Student: 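One structure coming up, written as structure tokens, with questions to follow.
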Amino acid sequence: MQNPDTASTSFTIRYLSQQGKFPEALSLYVQMHGSGLLPNTFVVSSALKASARILCKVGGVMIHGQVKKLGLCKVVFVQTALVDFYSKIGDMEVARNVFDEITERNMVSWNSILAGYVRCGDLAMAQNLFDEMLVRDVVSWNSMVFGYARGNDMEKACTLFREMPERNPASWNAMIAGYVECGKIEMARSFFDAMPRRNNVSYITMISAYSKYGSVESAIELFNEKGEKDLLLYNAMISSFAQNNRAKEALQLFDEMLQSNANIQPDGMTLTSAISACSQLGDLKFGKWIESYMSKSGIKMDDHLATSLIDLYTKCGHIDKAYDLFHSLQKRDLVAYTAMILGCGINGRAKDAIKLFEEMMNANIIPNQVTFTGILTAYNHVGLVKEGYNCFMSLQKYGLVPTVDHYAIVVDLLGRAGQLEDAYELIKSMHVQPHAGVWGALLLACSLHNNVELAEVAAINLFEEMMNANIIPNQVTFTGQLEDAYELIKSMHVQPHAGVWGALLLACSLHNNVELAEVAAKNCFELEADSSGYHSLLANIYASAGRWDDVKRLRGEIEVKGLAKIHGASWMDCDKAGSIEIN
DNA sequence: ATTGGAGAAG
């Protein structure tokens, strides 16, 4: 009896919905309805599912109206789809009304409303409903376990977990996620180890947990242990590297993913993490590469991507490009404002930073610690001492505790203005351990204003901090105390990394100390696989000392080792961007 | 046909 058009359109809508192409399914449904074709119950439930998944409120409500008109209100599939839709958009009142009208509820009807209560955090209602259920399946149990775990009631979650007659990987994953959320990472790991079948979700949850708690090594271990890796697993590991200041490894893995035989295509999230890594390295070339990649692969610019690009462009001094991106944002949130404020601060655009900060306040967005780092950097850059100091003092108004970095900026600000005693008092008043950067800022200020006494205090503390930390601050480059720095490195309690020797090498190049430069360079070469930067630095030192034979020898070494090329990072070469294949 | 579990930017 059905019109052939209706039949084929219905089929397409159901197919699109099953394929996860929800916007497409929904728009086809609207089109179908607009052309006067009557939808059947199958199409209506598919369209409702689509509306629910993309949280299209008007779409679902509109379909609800049509359902009433068409008299499909008694069909359990339609009713259940409606319950699910209202549950997902958080309108539990309407969801409950529809649910109560269902005369023959099935398992899915119950589970839909149950998940709705769990999602909006109404565990009491969820528990009531759960108790009312005569038959429960593993989905019902999982919803309850998930609810308690997310509410940090692990005891309750655990009790339910032990009681449940049947468990699947999702049950275990809910427990793992719950323990992770309340910081009990060891417990999470125990569940992870104990579960019979770990799936990707289990791995991703543990990897991102380790990432948050700084144990990247454990994350790597799990990542390597997993045989087949999919896009989401790569994303978790890449962002884990990017968030723990391991930018090079993030990009290496990104490259490995592109080159892998599994033919995994990155998505917006992959690119977001990769851009963040590039921003840490100040690699602007990549920004351009990313934009060409996006247009080729059809990855659409979203606010997350734009925000990470803003960060990249500002760090590379392209503030106008960053502004363009900022103006293109759908919604300016805390992170976007902070990236832009920090960007203006770094680039000396204090007025802009202050303007953005005010704009942000007017939009009722609460600043956080990083926002303050940005605004303080701006004040520091233009030497607005009073404003900067007041800003620093206003941190508490937002319930924020100043970080060591905030102190370092303000010490620098006060110090440069010659208020050395104020700076010193501020350091003494700190409730966090001042790191070398704080003392370094004071020492630099003392050297600018010829205050020997305070300089000695600062220097002693600076050296002490450096003994604890695996860094040698750039302040040595100003003071030129190269031998002291060298002795210091030799006395370090921890193994100095390439950056430590690199700082000394740079200082040697500024102060023309060839002998020490050779020692520092040798250590850099040994500690860092890609030592091309250090090679050219040493070559420059030889050149300025007129030791052309050594320059020649070093250039030869560079060529032999092929150091100019960075292995396994083909995308770094923008010219090759066009050669990457995208399906 | 309709239900549950995961990853991002400063």
Side-chain angles (χ1 to χ4, degrees), chain A residues 10 13-14 17-18 40-50 52 75-85 87-88 102 105-116 118-119 137-147 149-150 168-178 180 199-209 211 230-240 242-243 267-277 279-280 302-312 314-315 329 333-343 367-371 373-374:
Chain A
S10 303
I13 291 171
R14 284 171 59 196
S17 176
Q18 277 160 14
N40 58 29
T41 53
F42 288 82
V43 174
V44 165
S45 48
S46 295
L48 276 170
K49 176 185 171 177
V75 183
V76 63
F77 294 117
V78 173
Q79 289 169 305
T80 301
L82 279 168
V83 170
D84 181 54
F85 166 74
S87 291
K88 283 217 171 78
I102 308 175
R105 296 166 196 148
N106 62 25
M107 207 64 242
V108 182
S109 325
W110 283 94
N111 285 341
S112 296
I113 188 108
L114 182 69
V118 166
R119 248 192 307 272
D137 69 359
V138 66
V139 176
S140 340
W141 282 93
N142 283 353
S143 279
M144 289 309 293
V145 171
F146 175 75
R150 211 186 45 175
N168 63 13
S171 332
W172 291 88
N173 291 341
M175 294 298 291
I176 293 172
V180 168
N199 61 15
N200 277 3
V201 179
S202 333
Y203 276 92
I204 291 165
T205 309
M206 280 314 296
I207 286 173
S208 62
S211 164
D230 68 352
L231 173 65
L232 272 59
L233 205 65
Y234 270 109
N235 281 356
M237 196 63 234
I238 292 171
S239 82
S240 176
Q243 289 182 328
D267 64 0
M269 293 184 192
T270 329
L271 299 186
T272 299
S273 293
I275 295 168
S276 161
S279 168
Q280 290 165 34
D302 64 10
D303 283 2
H304 280 299
L305 260 169
T307 304
S308 58
L309 280 170
I310 288 172
D311 179 52
L312 175 67
T314 58
K315 292 227 166 94
L329 291 173
D333 66 359
L334 170 67
V335 185
Y337 268 112
T338 300
M340 205 58 219
I341 290 169
L342 192 61
N368 68 9
Q369 292 178 326
V370 191
T371 322
T373 303

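Just so we're on the same page: letters track the sequence lines, and every chain starts at 1. Keep in mind that what you see is a predicted model, and the values were worked out from it rather than measured.
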Student: Along DNA chain B, 5' to 3', what are the outermost nucleotides having an atom less than 4.0 Å from a heavy atom of chain A?
Tutor: B:dA1 to B:dG10

Student: NA contact type, A:N200, heavy-atom cut-off 4.0 Å: base, sugar-phosphate, or nothing?
Tutor: nothing

Student: Could you note down all residue pairs passing salt bridge (charged side-chain N to carboxylate O under 4.0 Å, His left out) where residues 76-85 of chain A supplies at least one of them, sequence neighbours left out?
Tutor: A:D84-A:K88

Student: Given side chains that start at C-beta, do those of A:T314 and A:L342 come closer than 4.5 Å, heavy atoms only?
Tutor: no

Student: Across the strands shown, which category fits A:R119 at heavy-atom distances under 4.0 angstrom: base, sugar-phosphate, nothing?
Tutor: sugar-phosphate

Student: Give A:S46 one of three labels, base, sugar-phosphate or nothing, depending on what nucleic acid heavy atoms sit under 4.0 Å from its own.
Tutor: nothing

Student: By the 4.0 Å heavy-atom rule, please label A:N142 as base, sugar-phosphate, or nothing.
Tutor: base

Student: Hey, does A:L342 reach any base, or is it just sugar-phosphate, or nothing, if we go heavy atoms under 4.0 Å?
Tutor: sugar-phosphate

Student: A:S202 near the nucleic acid: base, sugar-phosphate alone, or nothing, with a heavy-atom cut-off under 4.0 Å?
Tutor: nothing

Student: Check every strand shown and say whether A:Q79 touches a base, only sugar-phosphate, or nothing at a heavy-atom separation below 4.0 Å.
Tutor: nothing

Student: Just checking A:L305: base, sugar-phosphate only, or nothing, at a heavy-atom cut-off of under 4.0 Å?
Tutor: nothing

Student: NA contact type, A:D311, heavy-atom cut-off 4.0 Å: base, sugar-phosphate, or nothing?
Tutor: sugar-phosphate

Student: Counting distance only, does the side-chain N/O of A:T205 pair as donor-acceptor with the main-chain N or O of A:V201 below 3.5 Å?
Tutor: yes

Student: Heavy atoms under 4.0 Å, any strand shown: does A:D230 hit a base, just sugar-phosphate, or nothing?
Tutor: nothing

Student: Applying side-chain hydrogen bond (donor to acceptor under 3.5 Å, both in side chains) to A:N368 and A:T371, what does each step give before you reach the verdict?
Tutor: CA-CA 5 Å; A:N368 68 9; A:T371 322; 2.9 Å; yes

Student: Pairing donors with acceptors under 3.5 angstrom, does anything connect the side chains of A:S140 and A:D137?
Tutor: yes

Student: Quick one: list whatever passes side chain to side chain donor-acceptor pair (under 3.5 Å) with A:T272, sequence neighbours left out.
Tutor: none

